[in-house]
Amino acid sequence: MSVIPAIDEIEYPESDGKPLGESDVHRDWMIRILKMLKYRYRGQRVYVSCDLLVYYQEGDPTKFVVPDDFVVKDCDPGRRRTFKIWKEGKSPDVVFEVTSRGSRRKDQVTKPHIYARLGVKEYFIYDPLAEYLDPPLQGFRLRGNRYAPIKPDRRGMLKCLELAVTLSLDDGDLIMHDAQTGEPLHTEADAERIAREAAEEARDAAEQARQAAVANTAQLQAEIDRLRAELKRKPRIRPGN
């Protein structure tokens, strides 16, 4: 009797035992990138995840990589425990790594090698503390079986062709814009806050307009009253005088 387990009986762990992010800063940025991309692709057939084990060789649970954030287009957006490439039928299209002191070698050497083998089309590394990368935001695009650096445009932005977004830094913070409209990407919470602020501004503008209209009406009525009073004071001219 064979003691070799069948492929469908092999256990694929759901955690690599490592914490999400090396520090509050790194964890917060991993989550923010996740939320920005999830909100961008809401209602679409796009899967976005963060810190999930991606298994890439069926039958071997040691063959996995854990991207900080990744996007898979034309893929069921439902929740998963792990991402098995042979079951999904495709690899991630874009990966983002938030690098740190403990992860910089993996982010710059080990992971890119794996991602290139898996066919990840674009790969971005971001150092929110600007301590380990120079420049602190870098992008790479797959050319054949290896990555070539993405050159910033004249505005200093990196273009992600797969997601049709541009990436740049604003005082060290990662900013993404829609490449066509130029509109910044937001999280759902950001969008709700902006909508509330816009509604409040609209209410304030409407109230100011109402008050101005009331004031104008009062001024007009005062002018009418003044003219009437002036006419009453003037002597009447009788015919024949």
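Just so you know, residue 1 is the first one in the sequence shown, and it goes up from there. These numbers come from a predicted model, not from an experiment.
Atom CG of Asp68 and atom OG of Ser49 lie 11.0 Å apart (nearest 0.5 Å). Atom CG in Leu53 sits 12.5 Å away from atom OH in Tyr12 (nearest 0.5 Å). In this structure, Leu52 CG and Phe83 CZ are separated by 8.5 Å, a value rounded to the nearest 0.5 Å. In this structure, the separation between CD1 on Ile10 and CD on Glu58 is 8.0 Å, given to the nearest 0.5 Å. Rounding to the nearest 0.5 Å places NZ of Lys84 at 15.0 Å from OH of Tyr56. Here the straight-line distance linking atom OH of Tyr126 with atom CD of Glu97 works out to 14.5 Å at 0.5 Å rounding.
Side chain of Asp127 to backbone of Tyr132: a donor-acceptor contact under 3.5 angstrom is found. The main-chain N or O of Arg141 is never found under 3.5 Å from a side-chain atom of Arg143 such that the two would form a donor-acceptor pair.
Transitive grouping of hydrophobic side chains (ILVMFWY, heavy atoms separated by less than 4.5 Å) keeps Tyr47 and Val66 in distinct clusters. One hydrophobic cluster holds both Phe96 and Tyr41 under the rule that ILVMFWY side chains link at heavy-atom gaps under 4.5 Å. Linking Ile, Leu, Val, Met, Phe, Trp and Tyr residues whenever their side-chain heavy atoms come within less than 4.5 Å places Val120 and Phe70 in a single cluster. Following chains of ILVMFWY side-chain contacts shorter than 4.5 Å, one cannot reach Val95 starting from Ile150, and the two form parts of different hydrophobic clusters. One hydrophobic cluster holds both Val71 and Leu185 under the rule that ILVMFWY side chains link at heavy-atom gaps under 4.5 Å.
A centroid separation of 6.0 Å or more is found between the aromatic rings of Tyr115 and Phe140.
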Would you list the atom pairs, donor with acceptor, under 3.5 Å between side chains in residues 159-177 and any protein atom, with sequence neighbours excluded?
residue, atom, partner, partner atom, Å
Glu162, OE1, Lys73, NZ, 2.9

Side-chain donor-acceptor pairs under 3.5 Å in residues 28-37, sequence neighbours left out?
residue, atom, partner, partner atom, Å
Arg32, NH1, Asp190, OD2, 3.1
Arg32, NH2, Asp190, OD2, 2.8

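With sequence neighbours excluded, the residues satisfying ring-ring contact (aromatic ring centres under 6.0 Å, His included) with Phe64 are Tyr55.
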